[in-house]
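Below: the structure, in structure tokens.
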Protein chains: 2
Amino acid sequence: MDGGMSTARRVTATDVARRAGTSQSAVSRVFTPGASVSPDLRERVMEAARSLGYRPNAIARSLITRRSRIVAVAMADLGNPFYALVLEALSARLQAEGYQILLFTADPAAPSDPMIEQVMRYQVDAVVLASTGLSSALARECRALGVPVVMFNRMTDDPDLSCVTGDNERGGREVAAFLASGGHRRPAFIAGLEGSSTNRDRERGFVRGLAEAGLAAPPRAAGYYSYEGAAAATRALLREAAPDAIFCANDHMAIACIEVARHELGLSIPGDLSVVGFDDVGPARWRSYDLTSFSQPLGPMVEATVGMLLEFMDDPSLPVRRVVVGGELVLRGSARRPPAPLPCP
Amino acid sequence: MDGGMSTARRVTATDVARRAGTSQSAVSRVFTPGASVSPDLRERVMEAARSLGYRPNAIARSLITRRSRIVAVAMADLGNPFYALVLEALSARLQAEGYQILLFTADPAAPSDPMIEQVMRYQVDAVVLASTGLSSALARECRALGVPVVMFNRMTDDPDLSCVTGDNERGGREVAAFLASGGHRRPAFIAGLEGSSTNRDRERGFVRGLAEAGLAAPPRAAGYYSYEGAAAATRALLREAAPDAIFCANDHMAIACIEVARHELGLSIPGDLSVVGFDDVGPARWRSYDLTSFSQPLGPMVEATVGMLLEFMDDPSLPVRRVVVGGELVLRGSARRPPAPLPCP
DNA sequence: CAGGTTTTTGCATACGTATGCAATGGAGGA
DNA sequence: TCCTCCATTGCATACGTATGCAAAAACCTG
């Protein structure tokens, strides 16, 4: 038995028209919001459509309207809960506006430009680049083709590209000020991906903040935004630099850092070592970590992204925009706090 | 300034043909693998395509070939790392086969059938339902339309539907046997979503396993597969039932359970309470939890899913298949172990 | 070199919908 | 009653590609 799989030819608007005793155009108009159709005809067409199981073919519609109502989203690292939640929020928000997400997962190791080559063939209405590894060359190319692009959580020097980011540099600065005023003398830094703008900005802010507090540039090790990478970086830093605090470029790495420090090396957090993360994503709140972290407000960032996309799709000639969504240092228990209230920087 | 956004009309195969001094069909053939084109013409066309920036229109192609090379994936709860990783693996695997994922996120609370109504309009080549909340009615409907469907991590009574699951019932049984032989006398259960097949099978196996070990049906509370739900369930169970072990229907909830037991109620894990999860997903390995868990091997499950999809797309008349991917109880430190080796059940 | 075979190419058409335009019909006003 | 106006409907065409078919070209074979 084949389970009842039928080879049913798809039902087209013409089939419905024939059954309703009218023309294909009329059927089209019934399914086009705002078109002029008499109540009588509408009823007949709907009835015929229902009984035949008609579903408008979005592909054919896209061909003629030149709008697919599809937004391409390029992502990497869904193992990082921040990105997983971003994707979920983006999808929910876009679906509410009648758009669907065509997902592209980028292997951060492999070059992803050929991947986008595929994307563009689908006539997507817009593109969201949320993968730190993607070259901005292809973003420019999309724009040149008239397809709106928003870089999510990824700044760029290119003035022709729109982006939405958290306040990375300020975050790094505030973490530095917080650690310094907490009496830490040898803070270290675990970097994310070396090429990424988020890492660059967070590190720059951190180093500047330390300098403003009279502290030297921190020892650093790269964790590549991965759990294993951060674990290795923590081991190396603790072996070689004897830091009294570690700022990790995201929460995912901060968790690995805490695990290694606490369970491999027997350190007490924050007694022997303070740890600070970045993102303030779900697990930061879990009591085992109770992670002090600079927040990236996911909701507002997604809202800003979708808002820009909708505006750009409405009018592609709108000027580029670069949105920075502010965050704040969320104080929890993974880092020693200053005795007095934190002075305003 | 508008950032250089041009209103470039899209380049079509006809444009390329004109420039290469040939016909549109020839251009089409150059971009169709396996078609017959002379090296000379191919070179001329490629050159013209390159200089014009031509990209074949996948939408138009789909219209005529009736294949979109798009697979719809319905998901809910990307906050659960298991599903986030599944999505990443599915996407990587399908991209390698030349397919893209059109993502549908289902709000487990809202009815999702109207959502799928939208999906079907995109002429997707196949559908993966990985959301526990989706009705199987629409799955049947997809099948009736000739679109292959695979239910992921979701069993169904309907013999007309294919599915890939972990070994839920056996997992529940093994957890029960393990806890019983570890000397636990009052194991409890935190359920996931009441309607879901995963929860039903895991619970059934657990209850049967306990019975085989001479233990009564466990006290239970529903955690709805969410962190907060499981936290509340843990509080309720510990207040009312005084269990010496808790089996949670997935890892995500087991982590919430450990957090609440350890940090709110000051219990030692596994000294005062053993906790066992299901999935063996990333955080289970984190040392703070060191979670004993029955594994659902993500790689093999995704592999089985994609394999079935490819076969079904190749030949839609193939018989339905129901694949159970075996897992194993991964022993870690969150549950007291039996003194002697676990007897074979 | 003739005749046959295979490869390459272009023509024409189909895929399923949206939409400009003209035709139809009915309502309303004088 | 006749004319105007507007709402409704159908006709025809366009969107960009793939593909069957036949013409043309290239290649063999004896």
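Below, chain A is the first sequence line, B the second, and so on; all start at residue 1.
Contact check, A:Arg121 against D:dT17: no side-chain N or O comes under 4.0 Å of OP1 or OP2. Between B:Arg55 and D:dG16 there is no side-chain polar atom (N or O) within less than 4.0 angstrom of OP1 or OP2. Applying the 4.0 Å criterion to OP1 and OP2 of C:dT17, one finds that A:Ser62 has every side-chain N and O outside that range. Of the side-chain N and O atoms in B:Ser38, one or more sit less than 4.0 angstrom from OP1 or OP2 of C:dT9. Distances shorter than 4.0 Å separate some side-chain N or O of B:Ser23 from OP1 or OP2 on C:dG10.
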Can you give each donor-acceptor pair under 3.5 Å made by side-chain atoms of residues 20-31 of chain B, sequence neighbours left out, with the distance rounded to 0.1 Å?
unit_1: B:Ser23; atom_1: OG; unit_2: B:Ala26; atom_2: N; d: 3.3

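One can place CZ of A:Arg67 at 15 Å from P of D:dG16, the figure rounded to the nearest angstrom. Counting to the nearest Å, the C1' atom of C:dG16 and the CG atom of A:Asn57 are 6 Å from each other. As a whole-Å value, the separation of B:Arg18 CZ from D:dG16 C1' is 13 Å. Rounded to whole Å, atom C1' of C:dG16 lies 11 Å from atom CZ of A:Arg10. Here the P atom of nucleotide C:dC15 and the CD atom of B:Gln123 are 14 Å apart, to the nearest Å. Here D:dT17 presents its P atom at 17 Å from CZ of B:Arg69, a figure rounded to the nearest Å. Regarding B:Ile59, its CD1 atom lies at a distance of 16 Å from the C1' atom of D:dA14, rounded to whole Å.
In this view, A:Asp40 and A:Ser38, A:Arg44 satisfy the side chain to side chain contact (heavy atoms under 4.5 Å, CB included) rule, not counting sequence neighbours. Listed by chain and residue number, A:Thr198 satisfy the side chain to side chain donor-acceptor pair (under 3.5 Å) test with A:Ser196 (two or more places apart in sequence, or in another chain). Taking the side chain to side chain contact (heavy atoms under 4.5 Å, CB included) definition, one finds that A:Asp314 meets it with nothing, sequence neighbours left out. By the side chain to side chain donor-acceptor pair (under 3.5 Å) test, B:Ser51 pairs with B:Arg19, sequence neighbours left out. Under the side chain to side chain donor-acceptor pair (under 3.5 Å) criterion, A:Arg140 pairs with A:Asp158, sequence neighbours left out. Under the side chain to side chain donor-acceptor pair (under 3.5 Å) criterion, A:Arg42 pairs with no residue, sequence neighbours left out.
Applying the salt bridge (charged side-chain N to carboxylate O under 4.0 Å, His left out) rule to pairs touching residues 88-99 of chain A yields A:Arg93-A:Glu97, A:Arg93-A:Glu303, sequence neighbours excluded.
Distance alone, capped at 3.5 Å, is enough to place a donor-acceptor pair between the B:Gln95 side chain and the A:Thr105 backbone. Between the side chain of A:Arg322 and the main chain of A:Thr156, a donor-acceptor pair closer than 3.5 Å is present. Judged by distance alone, with hydrogens and angles left aside, the side-chain atoms of B:Ser162 form a donor-acceptor pair with the main-chain N or O of B:Arg321 at under 3.5 Å. Judged purely by atom type and a 3.5 angstrom limit, A:Asp15 uses its side chain to pair as donor or acceptor with the backbone of A:Thr12. With hydrogens and angles disregarded, no donor-acceptor distance shorter than 3.5 Å links the side chain of A:Arg143 to the backbone of A:Leu161.
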Listing time: all N or O pairs from protein to nucleotides 5-7 of chain C that are below 3.5 Å?
none

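Here the OH atom belonging to A:Tyr122 is positioned 10.5 Å from the CG atom belonging to B:Asn57, to the nearest 0.5 angstrom.
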Along nucleotides 18-25 of chain C, 5' to 3', which nucleotides get a B, which get an S, and which get a -, given that the test is a protein heavy-atom distance under 4.0 Å?
-> BBB-----

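Axis angle across the helix from C:dC1-D:dG30 to C:dA30-D:dT1, with five pairs used at each end and values rounded to 10°: 30°.
Residues of residues 40-53 of chain A having a heavy atom closer than 4.0 Å to DNA chain D, listed by number: A:Leu41.
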